[in-house]
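In each ligand, atom 1 is the first atom listed, and ligand 1 is the first ligand listed. Quick note: residue numbers are just sequence positions, from 1.
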Amino acid sequence: MLVILKSHAQQEAIDHVVERIESLGLKTHISQGEFKTIIGAIGEESPELQEQLATIDGVERVMPIMKPYKLAGREMRPNDSMVQVGDVKIGCGNYAFIAGPCAVEDFDTCMDTAKIVKKAGANMLRGGAYKPRTSPYAFQGLGEEGLKILKACREETGLPVVTEVTDPRNVDLICEYADMLQIGARNMQNFVLLTEVGKAGKPVLLKRGANATVKDWLMSAEYILSNGNENVVLCERGSTGFEPELRFNLDVGAIALAQIYSHLPIIVDPSHPAGRRDLVRPLCMAGMAAGADGFITEVHSCPEKALCDGKQALTGKLIAELIQQVQRFIDHK
Ligand code: PEP
Ligand code: MN
């Protein structure tokens with residue numbers, strides 16, 4: 001619920017209201033304007049509770065928050081939010097250009113690719129050390145060795161690193177190496193994992209599940225936010241479609257819709273819906289046109305040798321062209 005305080009409330013009055021709200025078992029989120037202070041009271045809503053809150057000294061009125069995603073939604077926080085990863089800002093007119101291999105395969109390949117994407121103009125490096133694979137026999141990633149390679153690539157290039165976390169037991173370890181944690185599409189509703197990355201406090205890249213609605217997606221973001229982590233960036237990566245030549249259906253409508261309902265930054269992943277190199281650029285530009293705050297794409301120093309997702313990996317030349325085109329688009333916005 002939104003608890004609106006009387007005009008010009010002093011700190012003492014605000015503290016009193018916060019204490020009373022929390023004693024009712026609710027969490028609080030304070031938004032302070034020039035004249036008005038609004039306190040978000042987060043928890044189950046009921047008319048009885050609304051009445052109780054309205055009787056607290058210093059409260060002017062109480063309004064229910066209509067959407068179930070109370071922290072991710074715009075009702076309590078109407079302005080866009082910005083997430084910072086290392087010295088890279090995402091949102092509010094700042095763009096993420098994230099590129100790198102699908103998986104960290106070995107030191108030299110990852111380092112070569114990191115240098116290529118840096119030269120092309122990327123501002124963050126991606127690479128999976130723990131890979132969620134459909135087959136248990138497929139390459140599963142290098143684990144901690146992969147994290148060490150990513151760290152070395154960051155030290156060499158200065159690019160902050162985003163890498164996927166697939167298991168709550170690995171969150172602490174990955175936090176030692178990475179600048180941002182990725183929740184993959186398959187884990188978007190792994191609520192234990194969402195809770196753990198919420199507690200970890202590192203910025204999170206939350207991909208939309210292939211069969212998830214925008215509401216499901218924002219509710220998953222809510223798990224992270226409600227565990228105390230405000231640094232969430234959403235990522236649209238396509239939903240299940242019926243065209244056999246497309247891996248997934250990039251849903252640009254979902255990008256625009258999520259931006260209406262949520263203040264969180266959103267980026268587009270054109271690589272996984274494309275499934276093939278020649279579709280990455282048009283899908284990326286479509287996502288940018290729909291309002292994305294940047295993109296995450298797969299790049300490989302030698303795509304034909306890639307152990308994972310080689311068909312959709314861009315070459316050094318293609319990522320440089322893509323970044324130039326996106327930059328031109330942003331400059332003319
Ligand atoms: C990935 O980024 O390599 C990945 C596995 O993505 P998704 O979760 O979107 O399939
Ligand atoms: Mn991939």
So which protein heavy atom does atom 6 (O) of ligand 1 come closest to, and at what separation? Lys207 NZ, 3.0 Å
Could you check whether the rings of His8 and Phe35 sit parallel, tilted or perpendicular, using 30° and 60° as the cut-offs? perpendicular
Among the N, O or S atoms of Asp309, which one sits nearest to the Mn ion (ligand 2)? OD2
What atoms of ligand 1 come within less than 4.0 Å of a heavy atom belonging to Glu298? 1 (C), 3 (O)
Assess whether a salt bridge exists between Asp309 and Arg247, defined as any Lys/Arg side-chain N lying under 4.0 Å from an Asp/Glu carboxylate O. yes
State whether Glu75 and Lys70 are salt-bridged, where the test is any N-O pair (Lys NZ or Arg NE/NH1/NH2 against Asp/Glu carboxylate O) under 4.0 Å. no
Do any N/O atoms on Gln182 end up under 3.5 angstrom from N/O atoms on ligand 1? yes
Residue, atom name and distance, where the atom is the protein heavy atom closest to atom 5 (C) of ligand 1: Glu164 OE1, 3.8 Å
So Val165 and Glu196, do their side chains get closer than 4.5 Å, heavy atoms only? no
Specify the protein heavy atom at minimum distance from atom 2 (O) of ligand 1: its residue, its atom name, and the distance to 0.1 Å. Arg126 NH1, 2.8 Å
Can you tell me if CG on Asp331 sees more than 12 non-hydrogen neighbours from other groups inside 6.0 Å? yes
Do any N/O atoms on Asp269 end up under 3.5 angstrom from N/O atoms on ligand 1? no
Using a strict 4.0 Å threshold on nitrogen-to-oxygen distance, state whether Lys36 and Glu60 make a salt bridge. yes
Compute the shortest N/O to N/O distance between Arg186 and ligand 1 and return yes if it is under 3.5 Å, no if not. yes
Do Pro101 and Thr109 come within less than 4.5 Å of each other through their side chains, counting heavy atoms only? no
To the nearest 10°, what's the angle at the Mn ion (ligand 2) between atoms SG (Cys102) and NE2 (His272)? 170°
Close side-chain approach of Pro303 and Thr315, heavy atoms under 4.5 Å: yes
I need the nearest protein heavy-atom contact for atom 4 (C) of ligand 1: residue, atom name and distance, please. His272 NE2, 3.5 Å
Looking only at distances, can you tell me whether any N or O atom of Ala185, backbone or side chain, sits closer than 3.5 Å to an N or O atom of ligand 1? yes
Run the contact test for Cys102 against ligand 1 with a 4.0 Å cut-off on heavy atoms, strictly below, and give the result. yes
Tyr261, OH: over 12 other non-hydrogen atoms inside 6.0 angstrom: no
The Mn ion (ligand 2) has as its nearest N, O or S atom from Glu298 the atom OE2
Consider side chain to side chain contact (heavy atoms under 4.5 Å, CB included). Of Leu159, Val299, Thr163, which one does Leu125 pass it with? Leu159
When you measure from atom 10 (O) of ligand 1 to every protein heavy atom, which one gives the shortest distance, and what is it? Arg237 NH2, 2.7 Å
Counting from 1, what ligand 1 atoms have a heavy atom of Gly184 closer than 4.0 Å? 8 (O)
So, is Cys308 placed with an N/O/S atom under 2.8 Å from the Mn ion (ligand 2), counting both backbone and side chain? no
